[in-house]
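Each remark here refers to the structure printed beneath this line.
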Amino acid sequence: MEFTARQIADFIQGKIEGDENVTVNTFAKIEEGIPNAISFLSNPKYTHYIYETKSSIVLVNEDVILEKPVTATLIRVKNAYECIAKLLQLYQASLPRKKEISKLASVSSTAKIGNNCYIGAFAYIGDNVIIGDDTQIYPHAVIDDGVKIGNKCIIYPNVTIYKDCKLGNNVTIHAGSVIGADGFGFAPNAEGYDKIPQIGIVVIEDNVEIGANSCVDRSTMGTTTIHKGVKLDNLVQIAHNVEVGENTVMSAQTGVAGSTKIGQWCMFGGQVGISGHITIGDRTFLGAQSGVPGNIKGNVTLIGTPPTDPKLYFKSIAISRKLPELYKQLNELQKQVDELRTLNNKE
């Protein structure tokens with residue numbers, strides 16, 4: 001499909017600079033631009049590419065000041081990054097969707113499959129499963145007994161959803177993820193460990209996306225809950241009885257221990273580790289590799305272990321690099337003090 005600069009500008013409410021009739025039919029990074037492609041510029045580090053890109057259209061922020069003419073048609077918008085996201089969503093929605101149930105899929109006779117669903121080869125759909133309209137289940141996915149999946153969900157290959165878990169509408173789970181495996185519950189005894197049965201479920205609300213090879217464990221009792229709008233990166237671990245608030249995002253390799261409550265609109269960088277049975281307030285921003293041992297009230301940006309104000313954290317890092325030199329100076333001062341004491345004792 002082709003779109004003109006005028007059609008795109010009308011859709012994203014932008015202002016055109018250049019040929020409003022130029023057309024595009026694909027996307028490209030600004031540094032890899034090709035004719036008939038649309039690119040975007042939101043990071044100032046990439047500004048120099050706009051003068052040489054071969055893309056036909058480039059989205060730029062309203063406040064971008066260019067030092068010389070460009071050949072591409074520009075569309076100025078308030079936020080180029082948000083606008084390219086909207087265009088990519090529009091493009092993806094226009095792609096054809098599979099709607100057949102493969103003869104090689106195993107679908108229980110008691111399962112209820114909605115309209116316009118796709119179930120790929122070697123997918124397994126268990127007893128009493130309910131799948132909503134327009135949902136896609138890719139090959140080798142396992143949907144265990146009693147699972148409920150809403151409308152317009154995408155379950156990619158090799159995803160496993162354990163018994164009785166519930167997914168809302170427009171949920172995307174990427175390849176290899178596991179929803180509803182047992183929480184890590186063991187009671188020590190004289191001979192080893194007794195397993196604590198995990199009899200709860202996982203509830204995932206609307207508009208959640210979970211990256212590849214992530215795990216959300218079922219609760220010991222009750223639910224592990226991922227509220228609406230949450231986005232989890234690849235390789236994220238959510239333990240049993242955790243509750244993740246609306247629109248919170250977590251980067252890769254973040255781990256949340258059991259029974260922790262996380263607020264709304266939080267952002268966690270990569271490899272953040274959060275201990276169990278604590279509460280993290282709304283709009284908490286944690287830098288990569290932060291370790292959280294206790295409660296956080298919220299509305300704060302922190303980094304490190306334990307989490308610290310970023311300015312103090314980086315000051316302490318700068319000081320720690322001088323510790324060998326300071327240690328040497330301290331030893332020298334101690335020697336001088338000892339010598340003075342010896343002289344005073346002799347006198």
Side-chain angles (χ1 to χ4, degrees), residues 92-93 95-185 195-228 230 232 234-244:
Q92 187 175 45
L95 297 176
R97 294 168 64 92
K98 295 180 178 181
K99 298 179 182 179
E100 75 276 9
I101 298 177
S102 173
K103 294 179 180 179
L104 296 176
S106 175
V107 181
S108 170
S109 60
T110 60
K112 297 180 180 179
I113 311 299
N115 298 320
N116 301 318
C117 287
Y118 164 63
I119 301 177
F122 306 109
Y124 172 83
I125 311 297
D127 294 339
N128 302 310
V129 167
I130 298 175
I131 297 176
D133 297 341
D134 301 304
T135 285
Q136 297 185 304
I137 311 291
Y138 278 77
H140 295 280
V142 175
I143 313 300
D144 206 352
D145 298 345
V147 169
K148 295 181 180 179
I149 299 176
N151 302 326
K152 296 183 178 179
C153 295
I154 302 175
I155 310 300
Y156 280 107
N158 296 305
V159 167
T160 299
I161 304 178
Y162 280 55
K163 183 179 179 180
D164 294 331
C165 293
K166 299 178 182 179
L167 279 62
N169 300 318
N170 195 34
V171 172
T172 298
I173 303 180
H174 287 276
S177 290
V178 178
I179 308 300
D182 281 1
F184 192 63
K195 182 176 176 63
I196 301 172
Q198 308 290 292
I199 63 173
I201 63 171
V202 172
V203 173
I204 298 175
E205 295 183 348
D206 297 349
N207 303 315
V208 169
E209 183 156 346
I210 296 176
N213 294 315
S214 293
C215 296
V216 182
D217 291 346
R218 70 195 309 110
S219 55
T220 308
M221 290 174 277
T223 62
T224 300
T225 305
I226 310 296
H227 286 291
K228 67 179 182 180
V230 168
L232 305 181
N234 305 329
L235 298 166
V236 169
Q237 160 67 17
I238 305 296
H240 57 183
N241 293 93
V242 166
E243 181 178 355
V244 181

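In this text, all values refer to a predicted model and were calculated from it rather than measured experimentally.
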**Request:** Look only at the side chain of Asn169 and the backbone of Asn151, and say whether a donor-acceptor pair between them is shorter than 3.5 Å.
**Result:** yes

**Message:** For a quick test of reading the model, state the closest non-hydrogen atom pair linking Cys153 to Gly168 and the distance between them.
**Reply:** SG-O, 3.1 Å

**Item:** Main-chain N/O of His227 paired with Glu205 side-chain donor or acceptor, under 3.5 Å
**Value:** no

**From CA spacing to verdict: side-chain contact (heavy atoms from CB on, under 4.5 Å), Leu167, Ile155** = CA-CA 11 Å; Leu167 279 62; Ile155 310 300; 4.0 Å; yes

**Prompt:** What closest approach, in Å, do Ile131 and Cys117 show between heavy atoms, and which atom pair accounts for it?
**Reply:** CG2-SG, 4.0 Å

**Prompt:** With no hydrogens and no angle check, is any side-chain donor or acceptor of Asp133 less than 3.5 Å from a backbone partner on Asn115?
**Reply:** yes

**Separation of Lys152 NZ from Asp206 CG (nearest 0.5 Å)** = 11.5 Å

**Message:** Please verify the inter-ring angle class for His140 with Phe122; under 30° counts as parallel, over 60° as perpendicular, anything in between as tilted.
**Reply:** parallel

**Test side-chain hydrogen bond (donor to acceptor under 3.5 Å, both in side chains) applied to Gln198 and Asp217, Thr224, Asp182, Thr220, the passing residue** = Thr220

**Prompt:** Counting distance only, does the side-chain N/O of Ser102 pair as donor-acceptor with the main-chain N or O of Leu104 below 3.5 Å?
**Reply:** yes

**Request:** Report the distance from atom CD1 of Ile143 to atom CD1 of Ile137, rounding to the nearest 0.5 Å.
**Result:** 4.5 Å

**Asked** Taking only residues two or more places apart in sequence, or in another chain, which ones meet Asp134 in a salt bridge (Lys or Arg N to Asp or Glu O under 4.0 Å)?
**Response** none

**Asked** If you take all heavy atoms of Tyr156 and Ala175, which pair is closest and at what distance?
**Response** CB-N, 3.6 Å

**Verdict with supporting geometry, Ile173 and Ile161, side-chain contact (heavy atoms from CB on, under 4.5 Å)** = CA-CA 10 Å; Ile173 303 180; Ile161 304 178; 4.3 Å; yes

**Message:** Using a 3.5 Å distance criterion without hydrogens, assess whether the side chain of Arg218 forms a donor-acceptor pair with backbone atoms of Asp164.
**Reply:** no

**Prompt:** Could you state the interatomic distance from CG (Asn213) to CD (Gln237), rounded to the nearest 0.5 Å?
**Reply:** 12.5 Å

**Request:** Indicate the atoms forming the closest heavy-atom contact of Ala123 with Tyr138, along with that distance.
**Result:** CB-O, 3.8 Å

**Asked** Atom CG of Asn116 and atom CD of Gln136: how far apart are they, to the nearest 0.5 Å?
**Response** 10.5 Å

**Prompt:** Are Ile210 and Ile204 close enough that some pair of their side-chain heavy atoms sits under 4.5 Å apart?
**Reply:** yes

**Prompt:** So, the side chain of Ser177 versus the backbone of Cys215: is there a donor-acceptor pair under 3.5 Å, distance only?
**Reply:** no

**Fill in**
In short, Ile201 meets Lys163 closest at the heavy-atom pair CG2-O, 4.5 Å

**Message:** For Ile154, run the side chain to side chain contact (heavy atoms under 4.5 Å, CB included) check against Thr172, Val159, Thr135 and tell me which one passes.
**Reply:** Thr172

**Item:** Flag for Asn207-Asn170: side-chain donor and acceptor within less than 3.5 Å
**Value:** yes

**Neighbour count above 12 (heavy atom, 6.0 Å) for Tyr124 OH** = yes

**Request:** Report yes or no: does Thr223 contribute a side-chain atom to a donor-acceptor pair with the main-chain N or O of Val202 at less than 3.5 Å?
**Result:** no

**Message:** Taking Asn128's backbone N and O only, do any of them form a donor-acceptor pair with Asp145's side chain (distance below 3.5 Å, no angle check)?
**Reply:** no

**Prompt:** How long is the gap from CD1 on Ile125 to CD1 on Ile119, to the nearest 0.5 Å?
**Reply:** 4.5 Å

